[in-house]
Student: 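This is the structure, below, for whatever I ask next.
Remember, predicted model here, so these are calculated numbers, not experimental data. Below, chains carry the letters A, B, ... as their sequence lines are ordered, and counting in each starts from 1.
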Protein chains: 2
Amino acid sequence: MTDTRQHILATGRALVARRGYTGVGLSELLREAGVPKGSFYHFFKSKEAFGCALLDSFVEGYAEDLAATLDAPGLNGRARLMAYFEGWRTRQSGEAYEARCLVVKLSAEVAELSPGMTEVLARGVSSITARLASVIREGAADGSLPAHDDASALAVTLYQIWLGASLMGALSRDTIPYDSAMAATAALIDRKGPTA
Amino acid sequence: MTDTRQHILATGRALVARRGYTGVGLSELLREAGVPKGSFYHFFKSKEAFGCALLDSFVEGYAEDLAATLDAPGLNGRARLMAYFEGWRTRQSGEAYEARCLVVKLSAEVAELSPGMTEVLARGVSSITARLASVIREGAADGSLPAHDDASALAVTLYQIWLGASLMGALSRDTIPYDSAMAATAALIDRKGPTA
DNA sequence: CGCCCCACTAGACGACCGGTCTAATCGGCC
DNA sequence: GGCCGATTAGACCGGTCGTCTAGTGGGGCG
């Protein structure tokens, strides 16, 4: 069955979102998934290959969610952008580990560990910031946002703010950093002139 | 000798900055440090206690560096702030792992793993942002920065940007995210009005 | 209807993990 | 010189790590 593979990935995602990549052992993962250890190496050639597959499926799923939020019909560009960040805050400060962003959780850990996983994350990040930049341009076109002369740079800055807020939120275990990020986001997108 | 303890901490810092907390085993650490395992448990009651001590010494050392940079005589507030972020970029994108920021490296990993280590990092972060906020106020007083009505909020936003930039820099392995953060920093501190 | 083949399962394996313990050794103080 | 606490040495334990080699069973083809 190929959905044994899917099941391992889904179980792994929640586990890795909580304990990190190095922190999750095969034994724990497979016990949790109810899958015998032998099967694992049938579906993945190594733990790192599993990690890459996990991130691939995360990035893919994220892109779909992103499309659903940022292409929501009937909302102007600004509202769609703010909805995205509201969603970020909700997921990242909620209880559900499987909803947490793996870029936040794994970037630092994986950067020196696995070039393959790093690459998948890096591609995911740049596609997110690219999509954010185009929504900023759409907001300028529909009049909901001022014209920003470098939408890409603004998108990167916003994404950096939210990554940083997520790190701080993990440390403080409250939503204050996200509230701060939300305020900064609103201030940045609504004001004219060179921002980044 | 108490400086065996210091030596273990110094060795551990470089190792942990590269491989992460979970990724560094006692055996590797002690082999690297040339210290027998028996000594480790004389100085630290557990690996987690070692982790807390490591972060304590990091935070303490960081505070000293911070003071040296942010209290540099003969520079106005704005110049001191920018010097701090220049230093961040240099250290974080350089080769020397022992110079890397452990808040960036460990926040996500440690948050769900060790309340003690999380607490040390959280305190460190809030003392940094508090110090940045006061430099922003000093800059307003000496005329090098406009008056920001909420210096604390601006300081948090700047810190978030740099945390996020560091995560992105780890993924992309270039300085582009830091350059972006630097531009955003300059834009944010130099403009009037509510920013965050 | 039977056989065979390959996707999948089962768990043994050696290395090493974090953590503990006892015995040996060191060094300062009387 | 001799003693005692501080430090070092490393064997040892139960457990987990990632890997790998046998085995099994069910679907497809003859």
Student: Check B:R5 against B:A53 and note the closest heavy-atom contact, atom names and distance.
Tutor: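 Distance-wise, the nearest heavy atoms are NH2-CB, 3.9 Å.
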
Student: Please determine which of B:R18, B:K105, B:R173 meets the salt bridge (Lys or Arg N to Asp or Glu O under 4.0 Å) test together with A:E112.
Tutor: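 Answer to the salt bridge (Lys or Arg N to Asp or Glu O under 4.0 Å) test with A:E112 among B:R18, B:K105, B:R173: B:R173.
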
Student: Heavy atoms, side chains only, cut-off 4.5 Å: are A:S166 and A:R91 in contact?
Tutor: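 They are not in side-chain contact.
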
Student: So, is B:S39 close to the D:dT7 phosphate, meaning a side-chain N or O under 4.0 Å from OP1 or OP2?
Tutor: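 For D:dT7, OP1/OP2 do not have a side-chain N/O of B:S39 under 4.0 Å.
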
Student: Going by number, which of residues 31-38 of chain B have a non-hydrogen atom under 4.0 Å from DNA chain C?
Tutor: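 Of all residues in residues 31-38 of chain B, the ones placing a heavy atom under 4.0 Å from DNA chain C are B:K37.
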
Student: What is the distance from CG of A:L26 to C1' of C:dA10, rounded to the nearest Å?
Tutor: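 About 15 Å, once rounded to whole Å.
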
Student: Report which part of the nucleic acid B:Y41 touches: base, sugar-phosphate, or nothing (heavy-atom distance under 4.0 Å, all strands).
Tutor: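 Base: the residue B:Y41, judged by heavy atoms under 4.0 Å, touches a nucleobase.
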
Student: My understanding is that only residues two or more places apart in sequence, or in another chain, count here; which of them pass side chain to side chain contact (heavy atoms under 4.5 Å, CB included) with A:L66?
Tutor: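 Per chain and number, A:L66 pairs via side chain to side chain contact (heavy atoms under 4.5 Å, CB included) with A:Y62, A:L70, A:Y84, A:I128, A:R131.
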
Student: How are the rings of B:W162 and B:Y178 set relative to one another: parallel (under 30°), tilted (30 to 60°) or perpendicular (over 60°)?
Tutor: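 Rings of B:W162 and B:Y178: parallel, as their planes differ by under 30°.
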
Student: So for the helix from C:dC1-D:dG30 to C:dC30-D:dG1, with five pairs setting each end axis, what is the inter-axis angle to 10°?
Tutor: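 Answer for the end axes of this duplex: 10°.
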
Student: To the nearest Å, how far apart are B:E28 CD and C:dC16 P?
Tutor: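 One finds 12 Å between P of C:dC16 and CD of B:E28, rounded.
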
Student: Is it the case that the side chain of B:S180 and the backbone of B:I176 share a donor-acceptor pair, with hydrogens and angles ignored and the cut-off at 3.5 Å?
Tutor: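 The answer is no, because no donor-acceptor pair under 3.5 Å joins these two groups.
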
Student: Looking at A:S27, I'd like to know whether one of its side-chain N or O atoms comes within less than 4.0 Å of OP1 or OP2 on D:dT16.
Tutor: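 Negative; the distance criterion is not met.
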
Student: Report yes if at least one side-chain N or O of A:H42 is closer than 4.0 Å to OP1 or OP2 of C:dA7; otherwise report no.
Tutor: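 So the side-chain polar atoms of A:H42 never come under 4.0 Å of the phosphate oxygens OP1 or OP2 of C:dA7.
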
Student: From CD1 of B:I8 over to P of D:dT7, roughly how many Å is that when rounded to an integer?
Tutor: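 From B:I8 CD1 to D:dT7 P: 11 Å.
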
Student: Applying side chain to side chain contact (heavy atoms under 4.5 Å, CB included) between B:L163 and each of B:V125, B:L158, B:V104, report the one that passes.
Tutor: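 Option passing the side chain to side chain contact (heavy atoms under 4.5 Å, CB included) with B:L163: B:V104.
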
Student: Is the shortest distance from a Lys or Arg side-chain nitrogen in B:R31 or B:E28 to a carboxylate oxygen in the other one below 4.0 Å?
Tutor: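 Answer for the salt bridge query: no.
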
